[in-house]
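Data block below; observations after.
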Amino acid sequence: MISSHTRPPDVVQNNQRAFSKPHLDPKELLAKLRARGMVVDAGTALPYLTQVGGYRMKGYWYQWIDPQSRRFQQGTSFDKVIERYEFDRELRRITGDALERIELMVRASISNTMSKHEGPHWFMKDSLFKTSPSSVERSAKVKQRPRKRTLYELVIEEVSRMRHKPFIAHYLKQYNEPAFPPSWAISECLSFGAWSTVYPTLSNVEYRKEISRQFKVEDTEVFASWLHAFSVMRNTVFHHGRLLGAQTSVTPRDYHKRHLQFKGTQARAFFATATVINYVCNSIRRGPRWKSDLEALFSRYPTIPYDSALGFPEGWPNVLGWRTL
């Protein structure tokens with residue numbers, strides 16, 4: 001028996017009941033889908049239910065379930081579910097390609113800028129980073145989140161973990177100080193999430209501006225929010241998260257200087273992050289063909305509702321942030 005005491009303490013437990021749903025193997029799930037009105041060809045559906053999993057595929061059929069009767073809308077077929085799943089898989093692929101290029105440029109830009117001004121081991125200088133409020137300065141009434149690790153702490157952890165990599169092992173064998181490899185080597189160790197966290201903690205605003213201007217962004221607060229949004233999107237993509245119909249927990253800040261603004265639900269839809277990806281891709285020489293890749297994908301799946309499922313407005317290739325200036 002699973003003890004209820006293992007539940008995280010902050011989970012709300014009002015109006016809850018014991019979980020009693022039985023396991024269904026792929027054939028049983030297929031029969032259930034048919035019983036609820038979905039048109040299903042076993043030869044087509046079983047490979048997806050077996051190899052991808054019914055729970056994952058549910059993310060692409062739940063919108064066709066009547067909340068009262070729990071039956072599927074008339075005309076719902078598993079072929080439509082497959083189409084949505086395959087579209088989402090391709091969307092993740094091209095999104096990952098674009099974010100990979102952005103990630104490489106971000107970490108190179110931060111490393112190059114900081115090394116130029118502060119030396120190859122700038123990340124070891126505490127004075128270059130904003131300090132967090134002390135525990136005395138924090139309000140006792142506010143529940144504090146665990147302290148984020150500093151860049152130096154991340155470097156220590158990652159160098160230790162990757163010490164057998166040739167470029168790390170070479171440095172540790174050849175040099176006795178400083179204790180860690182230079183920034184351009186360290187940049188190969190840290191995640192995009194780490195770099196997105198480092199940027200806003202740089203205390204010198206001129207350094208932050210020098211970095212953001214390489215992406216044609218003057219406002220460092222805006223750029224910091226974009227990096228955070230990119231990092232979250234990258235994690236979603238590379239952990240196979242669903243993009244179609246999903247709402248992001250992190251929204252890129254509006255960039256009023258370039259009239260990039262996202263209103264209402266559009267701010268949490270894929271469109272908002274896709275737009276700032278496009279803006280940044282245009283600053284990368286020979287960068288990703290993000291816009292044309294999206295247009296090609298959309299043309300291959302003409303029945304996907306890009307407006308409601310992703311937030312793309314009618315005529316999106318010609319709106320601000322997308323049209324060629």
**Study point:** Listed once per pair and sorted, the salt bridge (charged side-chain N to carboxylate O under 4.0 Å, His left out) pairs that draw on residues 60-75, sequence neighbours left out
**Key:** none
Check your understanding: What pairs meet the salt bridge (charged side-chain N to carboxylate O under 4.0 Å, His left out) rule with one or both residues in residues 173-193, with sequence neighbours excluded?
Key -> Arg107-Glu188
Check your understanding: Could you go step by step and tell me if Glu83 and Thr303 meet the side chain to side chain donor-acceptor pair (under 3.5 Å) rule?
Key -> CA-CA 9 Å; Glu83 181 181 47; Thr303 64; 2.7 Å; yes
Practice item. Please name all residues satisfying salt bridge (Lys or Arg N to Asp or Glu O under 4.0 Å) with Glu157, sequence neighbours left out, ordered by chain then number. Key: Arg149
Check your understanding: By salt bridge (Lys or Arg N to Asp or Glu O under 4.0 Å), which residues pair with Lys116, not counting sequence neighbours?
Key -> Glu210
Among pairs that include at least one residue of [range], which meet side chain to side chain donor-acceptor pair (under 3.5 Å), considering only residues two or more places apart or in two chains?
range	result
residues 230-253	Glu103-Arg234
residues 26-36	none
residues 86-98	Tyr48-Glu86, Tyr60-Asp88, Glu86-Arg89, Asp88-Arg92, Glu90-Arg300, Glu90-Tyr301
residues 268-280	Arg258-Tyr279, Thr275-Trp322

Can you find a heavy atom in the side chain of [X] that is under 4.5 Å from one in the side chain of [Y]?
X	Y	result
Lys257	Asp219	no
Pro288	Asp293	no
Asp254	Phe262	yes

**Study point:** Linked, directly or transitively: Ile156 and Tyr175 (ILVMFWY side chains, under 4.5 Å)
**Key:** yes
Practice item. Could I get the full list of side-chain contact (heavy atoms from CB on, under 4.5 Å) partners for Glu118, not counting sequence neighbours? Key: Met114, Trp122, Lys125, Leu128, Tyr207
Point to revise | side-chain contact (heavy atoms from CB on, under 4.5 Å) partners of Arg161, counting only residues at least two apart | key: Glu158
Review point. Would a distance-only check, ignoring hydrogens and angles, find a side-chain to backbone donor-acceptor pair under 3.5 Å from Tyr199 to Arg208?
Key: yes
Point to revise | Ser187 side-chain N/O to Trp184 backbone N/O, donor-acceptor pair under 3.5 Å | key: yes
Study note, to complete from the structure: Tightest non-hydrogen contact, residues Trp64 and Val81, listed as CZ3-CG2, 3.8 Å
Review point. When the ring planes of Phe312 and Trp316 are compared, do they come out parallel, tilted or perpendicular, using 30° and 60° as the limits?
Key: perpendicular
**Study point:** With His228 via ring pair (Phe, Tyr, Trp, His ring centres under 6.0 Å) - residues at least two apart
**Key:** none
Review point. For Val250, which fellow cluster members are found when Ile, Leu, Val, Met, Phe, Trp and Tyr are connected by side-chain heavy-atom distances below 4.5 angstrom, either directly or through intermediates?
Key: Val232
